[in-house]
Structures are given as structure tokens and as C-alpha cells.
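Convention: sequence-line order gives letters A, B, ...; per-chain numbering from 1.
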Amino acid sequence: MENPEVARALDEVADLLELREANPFRVRAYRTAARTVRDLPESLAELSREKRLEDLPGIGADLAGKITTLVNTGELPLLRELREQIPAGLREIMAVPGLGPKRARSLYERQGITSLDQLREAARRHRIRELDGFGEKTEAAILRGAESVQQTGHRVYLAEAKVYAEALLRHLQGAAGLQQVDAAGSYRRRKETIGDLDVLAVCDDPTGVMDALGRFEGVAEVVARGETKMTVRLRTGLQIDLRAIPAESYGAALAYLTGSKPHNITMRRIAQERGLKLNEYGVFRGTRRIAGRTEEEVYASVGLPWIPPELREDRGEIELALSGQLPKLLKLSDIRGDLHMHTTATDGRDTLPDMVRAAKARGYVYVAITDHSKRVTIAHGMDATRLRRHWRAMERLAATVRGITILKGVEVDILEDGRLDLPDDVLADADYVVASIHFGQNQPREQITERMLNAIRHPHVHAIGHPTGRLIGQRPPYPLDLNTVLKAAAEYGCLMELNCQPSRLDLDDIAVRAAKDLGVTIVLGSDAHAVEELGFMEFGVFQARRGWLEAGNIANTRTLAQFRKLLKNPAKAGDSVSRGHSRQRKRIVR
DNA sequence: GCCGTTTTCGGCCCGACTGTTTTCAGTCG
């Protein structure tokens with residue numbers, strides 16, 4: 001059993017234990033372990049063989065044993081036992097807003113409800129309101145919630161959330177009594193997808209801003225409205241949570257609302273150890289507020305430097321901050337060139353000159369044009385003759401456009417048998433070759449891994465495009481042995497792309513960090529198919545920051561001369577990256 | 001179920017909102 005399945009099994013145990021009203025701290029232990037496992041770049045099977053599971057935070061002897069059982073047998077006696085006692089449908093009932101383990105259990109025991117359909121039926125027949133602790137309003141809320149769980153419940157891409165967030169902030173700006181408004185939550189942490197939008201408003205009287213939120217375009221329902229908190233749901237299903245706060249608590253509230261939850265919990269624990277109490281209103285010694293106006297102040301009060309939001313996942317950043325070793329994260333302004341884009345020569349929507357001029361307008365000093373090779377027929381991919389003609393057009397254009405260097409590139413397809421889609425002599429003439437898999441994505445693990453390794457070892461391949469091929473929420477990653485692939489990339493000096501398309505962002509944050517630890521150099525490519533998509537670079541930078549990357553870990557932060565040297569002598573250039581940075585951190589944790 | 005420079009037991013983050021409850025439990029973030 002692979003890591004994600006183990007994580008799912010541990011989460012299911014937590015849910016079922018909760019339904020059985022087990023010790024809440026035991027439930028939490030399973031949830032923590034599930035998260036640890038999900039975030040883990042290394043294979044559990046390997047850790048289990050080497051008896052290193054107990055080195056992981058939150059995993060003791062018991063959970064190490066259970067994880068080993070899951071990895072080896074694909075089953076867990078405890079889970080089987082729990083499943084026999086508790087109907088599977090109760091877990092989906094718990095997904096309905098307002099229904100937790102207690103109420104789900106109560107609905108099951110007193111009305112025999114074990115599925116969403118039965119729940120809706122019971123609500124329609126007004127059988128819910130008869131139960132102790134439930135009433136008419138709860139029944140109506142359950143009915144609405146059950147329907148919305150079935151319809152929406154999906155997360156939106158960060159790029160989409162950005163559109164809503166910016167529109168909302170503009171809309172709220174003019175509200176009466178408002179001093180400041182910011183988006184927080186996973187949006188501010190720049191997660192690849194956003195479940196809901198958290199907004200923080202500084203004001204003495206929240207009436208004005210809450211009224212304004214109620215009038216925001218697309219609001220379908222006001223879910224809740226209190227003295228300081230308000231929740232609305234848009235017609236698209238996106239939920240917006242607003243929190244009003246006085247100015248003296250701004251920093252504490254921003255930190256609290258930005259999360260992540262595990263990061264907040266660790267922060268509060270550290271505050272506690274120092275005899276302080278941390279909440280959204282500030283940092284308190286007894287009843288006296290000692291910090292809260294700015295985030296910097298809040299972090300400083302517990303002995304920490306300010307931590308960039310992208311790092312706040314409780315994946316070791318707090319321990320690193322304590323030791324003064326936070327990475328100096330990549331910035332968009334560090335990027336000197338875009339190394340993945342298409343033109344009308346294949347499936348792009350804008351011409352070669354338009355793409356190059358748009359890249360120059362963004363301040364880039366070099367750009368690689370990487371149209372598809374012939375195997376990608378649907379994109380009108382190019383054979384050797386057309387590609388050479390395309391390259392000549394680039395040379396002619398270069399003579400007329402100053403201030404930006406055009407690298408003659410190609411996105412060559414890695415064929416099903418591991419060969420490349422263009423002859424070696426053609427690839428040898430390219431300035432920059434990115435190799436990608438587009439077909440045969442469902443090959444067995446060994447086969448697709450070997451195929452990728454072939455490309456990495458190929459002397460004319462500089463980078464692997466969208467290395468796992470996932471489409472967020474739509475298509476799972478190739479069944480690659482990613483650890484082996486990354487190790488080979490480090491060994492052969494092959495760049496790994498962090499594709500900046502909002503639906504790809506591939507490698508993900510965990511894989512990016514694993515790559516950094518292994519000494520792999522990452523390249524950011526917008527994979528733009530139109531001039532405006534060059535702007536996707538921003539989302540790649542966010543993801544890189546979430547993976548702890550610094551400018552030195554990225555190929556396209558180099559000057560053109562440095563970049564060319566990197567391509568010529570990659571292994572050597574790769575030595576400059578800080579190897580094992582986050583591994584070092586783990587020792588600090590222990 | 002985990003954990004320990006307050007260590008092997010007794011803790012485990014903290015507060016807002018809702019509804020039905022007459023003083024608070026359940027849920028959520």
C-alpha cells in the first residue's frame with residue numbers, strides 16, 4: 001500500500017473512532033499521523049523496512065506497527081473491526097455542514113439514517129425535528145447542507161480564487177468604518193486549491209463591512225452572522241468567511257486566520273510553554289496583551305522571526321525559525337526568463353513574435369520557445385523539418401528584437417517505448433530541450449519510471465516537463481517512482497520543471513521540497529499557450545515558495561550566461577544548491 | 001495515541017456562532 005492510501009486509512013480510523021466517541025486525543029493522534037504520512041516524500045514501505053517510522057513526529061510504537069501492517073498487507077484489523085460496527089454512510093453524513101460525529105451517530109441510532117439520501121428523505125418528512133437536540137432550523141440546514149455536499153464541495157484553483165478575492169477586496173474597500181481588509185487563509189498561504197475564502201476586516205463597528213459582504217455580487221445565502229464573524233455562500237458554492245477585528249489585534253487575527261491550523265496549534269503550544277496565551281486577539285501574559293498589532297510582533301513575542309505564509313503548514317518551519325534558519329524564499333522578481341511556452345506553430349494561440357515581445361514586456365532577458373513534437377498530433381506537433389523552419393524564424397526574429405534572447409527550444413514527446421520523438425541530431429541543434437510524457441500515462445509503475453529515466457539520462461535533454469502529469473482534481477499523477485526519478489535527475493543534472501499552469505502546478509509542494517533535498521535544480525515554466533498565460537509564472541513561484549525553494553534552487557533565476565553554463569555542465573552547477581536543508585531541520589525536531 | 005530541559009503520567013490550542021438548551025453542547029475554523 002502506498003502513502004496516500006495509508007493516509008486515507010488512518011483518516012478513516014479517526015472518523016470512525018470519533019463516531020464511536022473515542023478519546024478525542026486518540027482521534028487527533030490518528031489525524032496527525034494521516035497528515036504526516038500524506039506530506040511524506042519518502043516511501044513508507046522503505047521507512048518501515050528500515051524501522052525508521054518512529055522517527056516521524058506523532059508516530060509512536062503503536063502507529064508505526066499499524067502503518068507497517070497497512071503497508072505490508074493493505075489491511076488493518078482495527079479498521080476492519082470499526083467498519084463492521086459503523087455503517088460507511090455515516091462518514092458522508094459527517095461531511096454535511098453542521099453535522100459532526102455526535103449528531104451523525106444520533107441520527108443513525110434514533111432514526112436509522114446511514115446515507116445522504118436517507119438523511120434528505122428524513123429531513124423532507126420532518127422526522128429530524130422530532131429528535132432531542134434537533135429543531136426546525138437544524139432540519140432545514142441539514143436539508144440544504146446535504147444537497148450542497150452532493151453538488152459542490154469542490155475546491156477552486158488558486159488562480160480562480162484570486163479573481164474572487166481581488167473582486168471581493170475591491171468591493172469591501174468602501175464599506176463604512178472599514179480601516180483595512182485582507183484575504184487570509186489558504187489563499188494567503190498560496191495553496192494550489194482553495195476550499196473557502198477567509199477575509200479579515202479591521203474596524204471598530206463591523207456592521208458596515210458585514211452589510212457590504214451581504215451585497216457582494218453572487219452571494220446566494222448568508223450562512224451565519226454574529227458580532228464579529230459572518231459567513232456567506234456564493235452561487236458557485238464558494239464560501240466566504242469574514243472576521244472583524246479591532247486594530248490592536250490585527251496581527252494576531254491575521255496570523256490566526258492565515259493558519260494553517262496545525263501551524264497555529266504549534267504556535268499556541270510554544271506560547272504556552274513560554275507562559276503566554278495566543279489567540280486571535282493577541283498574545284497575553286495573564287490578562288495583559290503583550291503583542292497583537294502586527295504579525296511580526298506576534299511571532300517575536302514567542303521568540304520567532306516572521307514566517308512567510310507559504311511556509312505555515314507545520315512541516316518543520318517553526319523549528320527552523322527557532323534556529324534562525326528559515327530559507328530566503330524565491331521571489332517573482334528573481335525570475336529572469338520563461339522556459340516553456342507554445343506558439344501558433346503548434347497549439348498556441350499567439351504568434352512567435354507576440355509571445356517573445358510579451359515575455360520581454362514582463363522584463364525577461366531570455367525565453368525558450370518550446371513547441372510540441374509530431375507525436376502530439378492534436379496540437380499539430382512538428383517534425384524535424386518544420387521544427388528547423390521554426391528555429392530559423394526565431395533567428396530572424398532575434399535580429400529584430402533587442403533586449404531578449406530567444407532560445408531555440410522544443411517540447412519533445414517521450415514516446416511509449418522511452419525513445420524521444422525527434423532524432424538526436426535535431427535535438428543536438430536545440431538550445432533547450434524539455435522532454436514530456438503525453439501518452440501512455442497509465443503504464444505500470446516500473447515501465448513509466450524507466451521511460452522517464454531514459455529521458456533524464458538522454459544527453460540532449462535538459463529538462464523534464466510536468467514530471468508527474470497530474471491535473472489537479474481531474475487526473476491523478478503518473479504512477480511513477482518519483483523518488484527514483486528525482487535521484488536520477490540530481491545525478492544527471494537534468495532540470496525538473498515546476499509547470500506553472502494553475503491546473504498542473506506539477507511538481508507539487510511536497511515533491512518540490514523533496515527535489516530540493518536531493519539537490520535537483522528546478523525550472524519554472526509557464527507552459528503559456530497565449531500571451532496572458534505568461535502571467536502563470538506567479539503561481540509557479542507561489543508553489544516553489546511552498547516547497548521552500550530559494551533563488552539558487554531555480555534554473556531560470558540565473559543570468560543567461562549562468563543558465564547556458566548550467567545546461568552545458570549541469571552536474572557541477574547543481575552543486576551550488578543547498579542540499580539537505582529540510583532534512584537538517586528534521587534532526588532539530590527530534 | 002503521543003510525548004517529555006515542568007519526562008513515564010497527565011496533559012494534549014482556543015474562541016465564535018447557532019440552536020434549543022434554561023445554562024450549554026455541538027460544530028467549525
* Considering only atom P, compute the distance from dT27(B) to dT20(B) and round it to an integer number of Å. => 14 Å
* Asp62(A) side-chain proximity, nearest of dG29(B), dG1(B), dA16(B) -> dG1(B)
* Between atom CG in Leu56(A) and atom P in dC2(B), what is the gap in whole Å? -> 12 Å
* To do: Tell me whether the OP1 or OP2 atom of dT20(B) has a side-chain N or O from Arg129(A) closer than 4.0 Å.
  => no
* Asked: Which is true for Pro97(A) with a 4.0 Å heavy-atom rule: it touches a base, it touches only sugar-phosphate, or it touches nothing?
  -> sugar-phosphate
* To the nearest Å, give me how far apart CZ (Arg274(A)) and C1' (dT6(B)) are. => 15 Å
* Could you state the CE-P distance from Met267(A) to dG15(B), rounded to the nearest angstrom? -> 15 Å
* Which comes earlier along DNA chain B counting from the 5' end, the contact point of Ala61(A) or that of Ala104(A), where each point is its nearest nucleotide? -> Ala61(A)
* Determine the Euclidean distance between corresponding C1' atoms of dT23(B) and dT18(B); express it in Å to zero decimal places. => 15 Å
* In terms of heavy-atom contacts, does CZ of Arg124(A) have more than 12 from other residues, nucleotides or ligands at under 6.0 Å? -> yes
* Per Leu63(A) side chain, nearest of listed nucleotides dT18(B), dC2(B), dA16(B) -> dC2(B)
* Looking at the angle O4'-C1'-N9-C4 for a purine or O4'-C1'-N1-C2 for a pyrimidine, is dT6(B) syn or anti, with syn meaning within 90° of 0? -> anti
* Structure fact -> Per atom distances to the Lys277(A) side chain, the nearest of dC14(B), dA16(B), dT27(B) is dC14(B)
* What is the distance, rounded to the nearest whole Å, between atom CZ of Arg28(A) and atom C1' of dC14(B)? -> 11 Å
* Using the C1' atom as the reference point in each nucleotide, state the distance between dT5(B) and dG1(B) in Å, no decimals. => 24 Å
* Interatomic distance at C1', dT21(B) relative to dC12(B), whole Å -> 29 Å
* **Side-chain N or O of Asn279(A) closer than 4.0 Å to phosphate OP1/OP2 of dG15(B)** => yes
* Atom CD of Glu130(A) and atom P of dG19(B): how far apart are they, to the nearest Å? -> 20 Å
* Between C1' of dT20(B) and NZ of Lys137(A), the distance in whole Å -> 10 Å
* Using the ring of Tyr108(A) (Phe, Tyr or Trp, six-membered ring only), decide whether Arg110(A) places NZ or CZ under 6.0 Å from its centre and within 45 degrees of its axis. => no
* Hey, mind stepping through Arg243(A) and Val199(A) against side-chain contact (heavy atoms from CB on, under 4.5 Å) and telling me if it holds? -> CA-CA 6 Å; Arg243(A) 185 72 185 261; Val199(A) 178; over 6 Å; no
* Asked: Does a side-chain N or O from Arg268(A) land closer than 4.0 Å to OP1 or OP2 of dC13(B), or not?
  -> no
* Asked: Got a donor-acceptor contact below 3.5 angstrom from the Gln118(A) side chain to the Thr114(A) backbone?
  -> yes
* Take Glu310(A) and Arg190(A) through the test side-chain contact (heavy atoms from CB on, under 4.5 Å) and record every step on the way to the result. => CA-CA 6 Å; Glu310(A) 293 93 331; Arg190(A) 310 305 189 187; 3.9 Å; yes
* To do: Provide the distance between the two C1' atoms, one in dT8(B) and one in dC3(B), to the nearest whole Å.
  => 10 Å
* Please measure how far the P atom in dG15(B) lies from the corresponding atom in dG10(B), and state the result in whole Å. => 25 Å
* Would you find a donor on one side and an acceptor on the other, under 3.5 Å apart, between the side chain of Ser186(A) and the backbone of Lys191(A)? -> no
* Structure fact -> Considering only heavy side-chain atoms of Asp196(A), the closest of dG29(B), dG1(B), dC17(B) is dG29(B)
* Asked: Base, sugar-phosphate alone, or nothing: which one does Lys261(A) contact when heavy atoms must sit under 4.0 Å apart?
  -> base
* Asked: Nearest to the side chain of Ile265(A) - dA16(B), dC13(B), dG29(B)?
  -> dC13(B)
* Counting any heavy atom closer than 4.0 Å, what does Leu257(A) reach on the DNA or RNA strands: base, sugar-phosphate only, or nothing? -> nothing
* Structure fact -> Mate of dT8(B) across any strand shown (Watson-Crick or G-U wobble, both atom pairs under 3.5 Å) is none
* Asked: Closer to the 5' end of DNA chain B via nearest nucleotide, is it Phe134(A) or Glu273(A)?
  -> Glu273(A)
* Candidates dA16(B), dG1(B), dC12(B) - which lies nearest the side chain of Gln272(A) -> dC12(B)
* To do: With the side chain of Pro101(A) defined as its heavy atoms from C-beta on, choose the nearest nucleotide among dT27(B), dG29(B), dC12(B).
  => dT27(B)
* To do: Please check the phosphate of dT20(B) (OP1 and OP2 only) for any side-chain N or O of Thr138(A) closer than 4.0 Å.
  => yes
* Asked: Which part of the nucleic acid, if any, lies within contact of Gly185(A), taking any heavy atom under 4.0 Å across all strands shown: a base, the sugar-phosphate backbone alone, or nothing?
  -> nothing
* Might you confirm whether atom CD of Glu221(A) has over 12 heavy atoms from other residues, nucleotides or ligands at distances under 6.0 Å? => yes
* What does Tyr256(A) touch in the nucleic acid at a heavy-atom separation under 4.0 angstrom: a base, only the sugar-phosphate, or nothing? -> base
* If only atom types and distance count, is the side chain of Glu317(A) paired as donor or acceptor with the main-chain N or O of Glu313(A) below 3.5 Å? -> yes
* Identify whether any heavy atom of Asn264(A) sits under 4.0 Å from a base atom; if not, whether one sits that close to sugar-phosphate; answer base, sugar-phosphate or nothing. => nothing
* To do: Taking only the side-chain heavy atoms of Lys102(A) (C-beta and beyond), determine which of dT27(B), dG29(B), dG15(B) contains the nearest atom.
  => dT27(B)
* Between Gln239(A) and dC28(B), is there a side-chain N or O to OP1/OP2 distance below 4.0 Å? -> no
* Asked: On a whole-Å scale, what distance lies between the C1' atoms belonging to dC9(B) and dC14(B)?
  -> 24 Å
* Check the distance between dG1(B)'s C1' and Leu79(A)'s CG and give it to me in whole angstrom. => 16 Å
* Length of the line joining Leu99(A):CG and dG26(B):P, which is rounded to integer Å -> 13 Å
* Asked: Above 12 or not: heavy atoms from other molecules or residues under 6.0 Å from CD of Glu227(A)?
  -> no
* Under 4.0 Å between a side-chain N or O of Thr228(A) and OP1 or OP2 of dC17(B)? -> yes
* To do: Considering only atom P, compute the distance from dC2(B) to dT6(B) and round it to an integer number of Å.
  => 23 Å
* Asked: What nucleic acid atoms does Val96(A) come within less than 4.0 Å of, heavy atoms only: base, sugar-phosphate, or nothing?
  -> sugar-phosphate
